Number of protein chains: 2
Amino acid sequence: MNMGISKTSNYTARQLELAKIAKALSHPARIAIVQFLLKKKTCYCGDIVSELPIVQSTVSQHLKELKAAGLIKGTIAGTSTCYCIDEKNWKSSQQLIAALFDKIPAVKSTCC
Amino acid sequence: MNMGISKTSNYTARQLELAKIAKALSHPARIAIVQFLLKKKTCYCGDIVSELPIVQSTVSQHLKELKAAGLIKGTIAGTSTCYCIDEKNWKSSQQLIAALFDKIPAVKSTCC
DNA sequence: CATATTCATCGCAATATTACGATAAATATT
DNA sequence: AATATTTATCGTAATATTGCGATGAATATG
């Protein structure tokens, strides 16, 4: 049907950005990857592969998505690629998300 | 192929929970919905429908997903349903996410 | 130069997501 | 009781995601 109509313009830039970040983190493998990168500071794709229960090509795909969302960076180093958290974007993402979650109402809801 | 193997057990409960929250927020419509609920405190499905560029059945589906993830609650009130943020789960989600984002390394990465 | 290593990409299959319209279910209104 | 209102669910179509193996591309090593 017409499911594919991405009504992108109907949402604010902030909403789209938040959804993009959330989507990047919406798979446990990608959560595991960023946690690993946060712990290790930098590492190669192979290090992640040996850490996760999925094969190399799938890990590479997940890395691509995290990179597309801006959460991580990758630089080629010889035959391998060194990945790390994109600290600048990580911080701005942190703030965007924090701003959303901070808006919890002081007043209790009347119905639920 | 064998794509559907959900290797759930290979990830920690925390990783799975984080991914679940992120997934619930991975669509701009659902971001818009929670923002609306945060602002309005409580409201009916119809209020959300008239706020968003999508039809009622789709909004209902998004609400179902947010509810399944535990981020919102809904109570039936006559013919309509009153939705609101699940404050308890909202706060615990906030903490889980904050804990992830707080782990930004003090040391700069050497490669990227 | 030949081979090895490492990662990205392609091709494909299975499943999930998203959207809509139609309809059901439940309560409210006349 | 009949009709209206409101939301949930069903059915279906289009597209996206996830996974794997195979292969390509690039640099490193022998």
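Just so you know, these numbers come straight off a predicted model, no measurement behind them. Proteins come first, then strands; the chains are lettered A, B, ... in the order of their sequence lines, and each starts at number 1.
In this structure, Glu65(B) and Ser60(A) both approach DNA chain C, and ranking their closest nucleotides by distance from the 5' end singles out Ser60(A). Taking for each of Gly78(A) and Arg30(A) the nucleotide of DNA chain D with the nearest heavy atom, the 5'-most of the two is the partner of Arg30(A). Two residues, Leu63(B) and Ala29(A), neighbour DNA chain D, and the one matched to the more 5' nucleotide by heavy-atom proximity is Leu63(B).
Checked by atom type and distance alone, the side chain of Arg30(A) pairs as donor or acceptor with a backbone atom of Ala24(A) at under 3.5 Å. Here the side chain of Asn10(B) pairs no donor or acceptor atom with the backbone of Pro53(A) at under 3.5 angstrom.
Atom CG of Leu52(A) and atom P of dC20(D) are 11 Å apart (whole Å). If you measure from atom CD of Gln56(B) to atom P of dC10(D), you get 14 Å, rounded to the nearest angstrom. Across the protein-nucleic acid pair, Leu66(B) atom CG and dT17(C) atom C1' stand 14 Å apart, rounded to whole Å. Between Lys64(A) atom NZ and dT17(D) atom P there is a gap of 12 Å when expressed in whole angstrom units. One atom, CD1 of Ile33(A), and another, C1' of dG19(D), lie 13 Å apart when rounded to the nearest Å. In this structure, Ile76(A) atom CD1 and dG24(D) atom P are separated by 19 Å, rounded to whole Å.
The side chain of Ile54(A) approaches dG19(D) more closely than any other nucleotide in the set dC7(C), dA8(D), dG19(D). When distances are taken from the side chain of Ser57(A) to each of dA8(C), dT7(D), dC20(D), the shortest belongs to dC20(D). Between dT9(D), dC7(C), dA8(D), one nucleotide has an atom nearer to the side chain of Tyr44(A) than all others, and that is dC7(C).
Listed pair Thr58(B) / dC20(C) meets the phosphate criterion, a side-chain N or O lying under 4.0 Å from OP1 or OP2. Within the structure, every side-chain polar atom (N or O) of Thr79(B) is placed at least 4.0 Å from both OP1 and OP2 of dA25(C). Distances shorter than 4.0 Å separate some side-chain N or O of His62(A) from OP1 or OP2 on dG19(D). Contact check, Tyr83(B) against dA8(D): a side-chain N or O comes under 4.0 Å of OP1 or OP2.
For dA8(C), the base has no donor-acceptor partner in the side chain of Gln61(A) [N/O atoms by modelled type, under 3.5 angstrom].
Trp90(A) approaches Phe101(B) most closely through the heavy-atom pair NE1-O, 3.2 Å.
Against DNA chain D, the stretch residues 17-27 of chain A makes heavy-atom approaches under 4.0 Å through Lys23(A), His27(A).
Among residues two or more places apart in sequence or in another chain, the disulfide bond (SG atoms under 2.5 Å apart) test is passed with Cys45(A) by none. Taking Cys43(B) as the reference, nothing meets the disulfide bond (SG atoms under 2.5 Å apart) condition, with sequence neighbours excluded.
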**Item:** Residue pair Lys20(A), Glu17(A): steps toward the salt bridge (Lys or Arg N to Asp or Glu O under 4.0 Å) verdict
**Value:** CA-CA 5 Å; Lys20(A) 193 177 86 175; Glu17(A) 180 65 19; 3.7 Å; yes
*Could you give me the CA-CA distance, side-chain angles and deciding distance for Ile33(B) and Glu51(B), then say whether side-chain contact (heavy atoms from CB on, under 4.5 Å) is met?*
CA-CA 9 Å; Ile33(B) 288 172; Glu51(B) 191 80 357; over 6 Å; no
